[in-house]
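These notes are about the structure you will find just below.
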Amino acid sequence: MAPLDFLEALQAEIPNAAADITELASLYQRKLWHPLTVKYDALIKQADHPINSGDVPVRMFDEFISDFGSKINLHKFAQFAVHATKSLPAPQSMVDHLQSSIQKLEDMKLAKANQPILFLRMHVAQHKIELVSVPRGCACIQAPQLELS
């Protein structure tokens, strides 16, 4: 689904967030990536905002944010990925979503993606430890430590 089509469907689904979603669509159409990032970041910081309910954060990330991820600050992209995973019900689904986000960053083939990838790998390690997979969690932590050395 195209990002604007997704936002249009989301407006119908969450009418009390229509004004914010319209603003996101407007910024996207005008390719104002920084203001779009700032607006979305402000929305996700409002815990009671409808955009943070149910599976909306994951769908926003997958259908909207991922479309222009290479055009925004990659640290913010990684933070948005982590925010999206918080709405997932199980640590394994969180791991899978974060690994998918890591793959998206790696596919961008940008040198500046290294730190956001490490950030996401640390969150993967955290969730693997939650899965009582301590050896795998430790391995996830040791790999980025070697990259930093």
* Structure fact -> In short, salt bridge (charged side-chain N to carboxylate O under 4.0 Å, His left out) pairs touching residues 7-16 with sequence neighbours left out are Glu13-Arg59
* **Non-neighbouring partners of His123 that pass ring pair (Phe, Tyr, Trp, His ring centres under 6.0 Å), sequence neighbours left out** => Phe119
* **Cluster link Val56 to Leu88, ILVMFWY, side chain under 4.5 Å** => no
* Checking side chain to side chain contact (heavy atoms under 4.5 Å, CB included) for the pair Asp20/His49: CA distance, chi angles, key distance, verdict? -> CA-CA 10 Å; Asp20 290 322; His49 196 281; 2.6 Å; yes
* To do: Go through the steps for Glu63 and Asp5 under the test side chain to side chain contact (heavy atoms under 4.5 Å, CB included), then give the verdict.
  => CA-CA 9 Å; Glu63 301 290 334; Asp5 294 336; over 6 Å; no
* Asked: Met108 and Gly69: which non-hydrogen atoms are nearest, and at how many Å?
  -> CE-C, 3.8 Å
* **Shortest non-hydrogen separation from Val58 to Ala84 and the atoms involved** => CG2-O, 3.1 Å
* To do: Please answer whether the main-chain N or O of Ala18 pairs with a side-chain N or O of Thr22 as donor and acceptor at a distance below 3.5 Å.
  => yes
* **Joint cluster assignment, Leu105 & Val95, ILVMFWY side-chain distance < 4.5 Å** => yes
* Asked: Can you list every pair that meets ring-ring contact (aromatic ring centres under 6.0 Å, His included) and has a residue in residues 6-29, with sequence neighbours left out?
  -> Tyr28-Trp33, Tyr28-Phe64, Tyr28-Phe68
* To do: Find out whether Lys104 and Ser66 are in side-chain contact, i.e. whether some heavy atom of one side chain is under 4.5 Å from a heavy atom of the other.
  => yes
* Asked: Side chains of Ile14 and Gln11: does their closest heavy-atom pair fall under 4.5 Å?
  -> no
* Of all residues at least two apart in sequence or in a different chain, which pass the side chain to side chain contact (heavy atoms under 4.5 Å, CB included) check with Asp48? -> Gln46
* Asked: How far apart are the closest heavy atoms of Leu120 and Ala78, and which atoms are they?
  -> CD2-O, 3.6 Å
* In one Ile/Leu/Val/Met/Phe/Trp/Tyr side-chain cluster, 4.5 Å: Val38, Leu43 -> no
* **Residue pairs involving residues 68-89 (criterion salt bridge (charged side-chain N to carboxylate O under 4.0 Å, His left out); sequence neighbours excluded)** => Asp41-Lys76
* Asked: Between atom NZ of Lys112 and atom CD1 of Ile117, what is the distance when rounded to the nearest 0.5 Å?
  -> 12.5 Å
* May I have the step-by-step check of side chain to side chain donor-acceptor pair (under 3.5 Å) for Asn52 and His83, ending in yes or no? => CA-CA 9 Å; Asn52 293 316; His83 172 74; 2.9 Å; yes
* Asked: Heavy atoms, side chains only, cut-off 4.5 Å: are Val82 and Leu98 in contact?
  -> yes
* Starting at OG of Ser87, measure out to CG of Asp55 and round the result to the nearest 0.5 Å. => 7.0 Å
* Asked: So does Arg121 pair up with Glu106, basic N to acidic O under 4.0 Å?
  -> yes
* To do: Say whether Leu110 and Ile102 are linked into one hydrophobic cluster, either directly or through other cluster members, by side-chain heavy-atom distances under 4.5 angstrom.
  => yes
* Asked: Rounded to the nearest 0.5 Å, how far apart are OG1 of Thr85 and CG of Asp96?
  -> 11.0 Å
* Asked: Hey, mind stepping through Tyr40 and Leu27 against side chain to side chain contact (heavy atoms under 4.5 Å, CB included) and telling me if it holds?
  -> CA-CA 10 Å; Tyr40 185 69; Leu27 293 168; over 6 Å; no
* Asked: Is His75 atom NE2 crowded by more than 12 heavy atoms from other residues, nucleotides or ligands, each under 6.0 Å away?
  -> yes
* Least distance between heavy atoms, Pro35 atom then Leu32 atom -> CD-O, 3.4 Å
* Structure fact -> Between Pro57 and Gly54 the two heavy atoms that sit nearest each other are CD-O, 3.6 Å
* Return the set of residues passing ring pair (Phe, Tyr, Trp, His ring centres under 6.0 Å) with Phe61 (not counting sequence neighbours), or none when no residue passes. => Phe77, His97
* To do: To the nearest 0.5 angstrom, please state how far the CD1 atom of Ile72 sits from the CD atom of Gln79.
  => 9.5 Å
* **Any Arg30 side-chain heavy atom under 4.5 Å of Leu36 side chain** => no
* Gln99 side, atom CD; His127 side, atom NE2 - distance, nearest 0.5 Å -> 11.0 Å
* Structure fact -> Rounded to the nearest 0.5 Å, the CG atom of Leu10 sits from the CE atom of Met60 at a distance of 6.5 Å
* Asked: Do Leu7 and Ile65 belong together in a cluster built from hydrophobic side chains that touch within less than 4.5 Å?
  -> yes
